[in-house]
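Heads up: the structure comes next, in structure tokens.
Order of appearance sets the numbers: ligands from 1, and atoms from 1 within every ligand. FYI, side chains are in, hydrogens and waters are out, and symmetry mates aren't considered; it's all heavy atoms of this structure.
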Amino acid sequence: TMAASHSFKRSDSIAESMPEALRQSRYQMKRCFARYVSKGKRVVKNQELIEELEKSMDDKIEKTKLMEGFLGYIIFSTQEAVIHPPFVALAVRPHPGIWEYVKVNSDDLSVDGITATEYLKFKEVIFDEKWAKDENALEIDFGVFDRLTPRLTLPSSVGNGVHFLARFLSSKLSENFEPLLDYLIALNCRGENVMINGTLNTVNKLQTALLLAEVFVSGLPKNTPFQKFEERFEEWGLEKGWGENAERVKDTLNCLSEVLQAPDPVNMEKFFSRLPTIFNIVIFSIHGYFGQADVLGLPDTGGQVVYILDQVRALEEELLLRIKQQGLSVKPQILVVTRLIPESRGTKCNQEFEPILDTKHSHILRIPFKTENGVLKNWVSRFDIYPYLERYARDASEKIQDHLEGKPDLIIGNYTDGNLVASLMASKLGVTQGTIAHALEKTKYEDSDIKWKEFDPKYHFSCQFTADMIAMNSADFIITSTYQEIAGSKDRPGQYESHCAFTIPGLSRFSSGINVFDPKFNIASPGADQSVYFPHTQKQKRLTNFHPVIEELLYSQVENDEHVGYLTDRKKPIIFSMARLDTVKNISGLTEWYGKSKKLRELANLVVVAGLLDTAKSKDREEIAEIKKMYSLIDRYQLKGQFRWIAAQTDRYRNGELYRCVADSKGIFVQPALYEAFGLTVIEAMNCGLPTFATNQGGPAEIVVDGVSGFHINPSNGEEASSKIVDFFEKCRGDGSYWHKYSTAGLVRIYESYTWKIYANKALNMGSIYNFWRQMNREEKQAKQRYLQMLYSLHFRNLVRTMQSPSGATSQRDEDI
Ligand code: UDP
Ligand code: LCN
């Protein structure tokens, strides 16, 4: 059941309108709230609240009326309730990013609006009463800085930070251009002036120079190189950077003239995208085994590595293009900074410096973890990494500046560890900082904030969540993959959103952690390397030399330590999936759906690439459990003959060809995860022209438009998922063009929104505009920086110091999704 989309006005607060609604259904509501409080003090989630509400009513008509009415709407929108008989405090989320807290007395149904702090305290009492009642318990409120910063207001604009900022800057600058003028004068490229020099020290002078120069270049042939008129420009106070030739220079001059005449967001964004501000980029991805070969599948090494290597290639390409268009001749540099692991298990993770394949100027720089006892030799789980990071940040900062012969122009962090180190370094050096979180762990483990004490010995979430808050708040901009990562969907809060108000009872209460309406949030979705993942129809590019191996992988009748099960009817299309063998990836779920569906088994074969095939070889307890489950499913459903399970594959070129061979069979790709942050495999499959069925939980739900560019499946409803797939194959049988329709629609979707080219363009635009914004917004930035430093040195360091001895999880790859 879904609540009717109620005509709830933003202006009516729930606290104001709820009492009247309660009065109208007083009898049922008393019964419902009596049920809520009957089990005593506790925290209850949305699902249970709805079930209890349904159970509290017998009359069917009454029930429907109520569920579809305002009260139903409130309960459906309530993410969580804290029960404290006779009180029930509700955390209501009427729209993505918008929260309201109310307290209902179950005896007399009186309603009071409460603040986030009051709500959190209410919750804390259940877990740590003494601390909850301590007036001087640590409360962190980043919201106090909100007064100084502009905020978006529409949930639909969340994630469009750059556009919003361009708009905001337009109105700000129209009052006063000085900040932009100062900024332009100070710009330099490795010590040399660019764009304008100090002689153009008033807006008037600048405008005149722009005018003169524009008239001048208009008279030149379009392709006249800048060098030809460089001297003329200097006389006017204009330096290089405007463009490579007369045409480009003219366009950039005109763009700034337009901005100075009457600033508008379109020209503002365009102008910043043309400014030569970024040449050297540092990207932190610290944990794991970070390498270019033989690392996928090793502990803590998954999509993040793929993402970063592809990102670097795309950023370098875009940087080179921009530098050329700016008419400059500098070489950009990108450093991916990771940990050097001396005991590197045959990988190159013990090498300090490694050029990145398919790039000209990008490298991996590895720096070891050091303690007073010297260099740490073995891999450390990302959950145990905190004690090493401060020292690492110092060592890294030094090494990086040696390599770059100066400061970077932009620092980007990945995941908690990379983001924390990026924050430390960026604030020390005064460099623009971007953060990326491939997954925020808090949202992955239910109640891991309030129940942190249970988790802490193994996961050290006290450190992780605090580090995440420091990084999010110190970042100038945050790159996310999808809207849902920030603000979720109608029914489910986003990863960042779940940090807007939360508490770690006994340690700290974040009454305002991060605001998803902050213009620092931006969506730039990753793509897939299109030289590896290209459509199966591009015959001349196909990597046919892999075909014999792939033929063996898919169709040989042998079972060995690389594949189990076999396919007897090779005329059937293949249902394909590939992922790490973690519980959340739900490969065993897909296998079970297939096993259960007679129709599906008639129509298609199932092939999965996942994990290891032998429990004795795995060191990851979750993977071991999944391996066992897979074998029991093969047995229970007698899958052999229709099913092939292939061990994890690490060669991405071969994997690309494998997706395409599946497409040749007129097969499909299924991503059945219980939750997926982004889902690179979905993008890879679609790039190869495979019609895709993807989980509706997380990023894939946004990548695929259901019924248009692929299909959504609900991972917790296997029957429904199977019948959707059956339906597809049946339609394909009846209509030869049906398969092609979805194959093509998937590609169209990719090309318009999910390519690395689009990503790189957006990311560099962010770097450029936030670089300016952080200077304009210097006062807020400084105040916040001070607050963050205090939090770091008085609180975070203590958490790290008292961190119990590492989890001993020496080689497990815990629940990374
Ligand atoms: N992958 C692989 N071999 C495997 C399983 C996965 O090469 O056996 C690759 C896959 O092609 C993708 C990445 O690992 O590029 C997984 O990224 P995704 O976003 O799907 O999930 P993550 O592992 O990051 O949770
Ligand atoms: C980590 C994840 O969990 C995936 O969902 C992403 O696709 C991957 O990183 C790349 O961002």
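- Residue contact check for ligand 1: Thr650 places no non-hydrogen atom closer than 4.0 Å to it.
- Of all heavy-atom pairs spanning Lys541 and Gln530, the tightest one is NZ-O, 4.2 Å.
- Looking at Tyr307 and Tyr759, their side chains do bring a donor and an acceptor atom within 3.5 Å of each other.
- Residue His438 has at least one heavy-atom neighbour below 4.0 Å for each of these atoms of ligand 2: 1 (C), 8 (C), 9 (O), 10 (C), 11 (O).
- Contact annotation for Ala439 and ligand 2: no heavy atom of the residue comes within less than 4.0 Å of the ligand.
- At a 3.5 angstrom cut-off on N or O pairs, Met578 does not count as close to ligand 1.
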Task: side chain to side chain donor-acceptor pair (under 3.5 Å) evaluation trace for Asp468 with Thr416 - done: CA-CA 6 Å; Asp468 281 336; Thr416 311; 2.9 Å; yes

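- With Tyr392 as the aromatic partner, Arg339 does not meet the cation-pi criteria of under 6.0 angstrom to the ring centre and within 45 degrees of the ring axis.
- Using a 4.0 angstrom heavy-atom cutoff, Gly679 counts as in contact with ligand 2.
- Less than 6.0 angstrom separates the ring centroid of Phe693 from the ring centroid of Phe728.
- The residue from Tyr386, Phe383, Phe465 that alone fulfils the ring pair (Phe, Tyr, Trp, His ring centres under 6.0 Å) condition with Tyr459 is Phe383.
- Listed by number with element, the atoms of ligand 1 under 4.0 Å from a non-hydrogen atom of Ala648 are 8 (O).
- The shortest N or O to N or O distance between Gly302 and ligand 1 is not under 3.5 Å.
- Listed by number with element, the atoms of ligand 1 under 4.0 Å from a non-hydrogen atom of Gln649 are 2 (C), 3 (N), 4 (C), 7 (O), 8 (O).
- Less than 4.0 angstrom separates some heavy atom of Glu684 from each of these atoms of ligand 1: 10 (C), 11 (O), 12 (C), 15 (O).
- A donor-acceptor pair shorter than 3.5 Å can be found between the side chains of Gln649 and Arg654.
- With no hydrogens or angles considered, no side-chain donor-acceptor pair links Gln697 and Thr695 at under 3.5 Å.
- Taking the six-membered ring for Trp and the full ring otherwise, the centers of Tyr631 and Trp645 sit less than 6.0 Å from each other.
- Annotation: Phe678 places an N or O atom under 3.5 Å from an N or O atom of ligand 2; distance criterion only.
- Note on ligand 1: Lys585 sits in its first shell, one or more heavy atoms being nearer than 4.0 Å.
- Geometrically, Lys520 does not engage Phe477 in a cation-pi contact defined by less than 6.0 Å to the ring centre and at most 45° from the axis.
- Arg652 does not count as a contact of ligand 1, since none of its heavy atoms falls under 4.0 Å from the ligand.
- For the pair Glu676 and ligand 2, the shortest N or O to N or O distance falls below 3.5 Å.
- When heavy-atom distances to ligand 1 are checked against a 4.0 Å cut-off, Val306 comes that close only through its side chain, counted from C-beta outward.
- For ligand 1 and Val609, the ligand atoms under 4.0 Å from any heavy atom of the residue are 8 (O).
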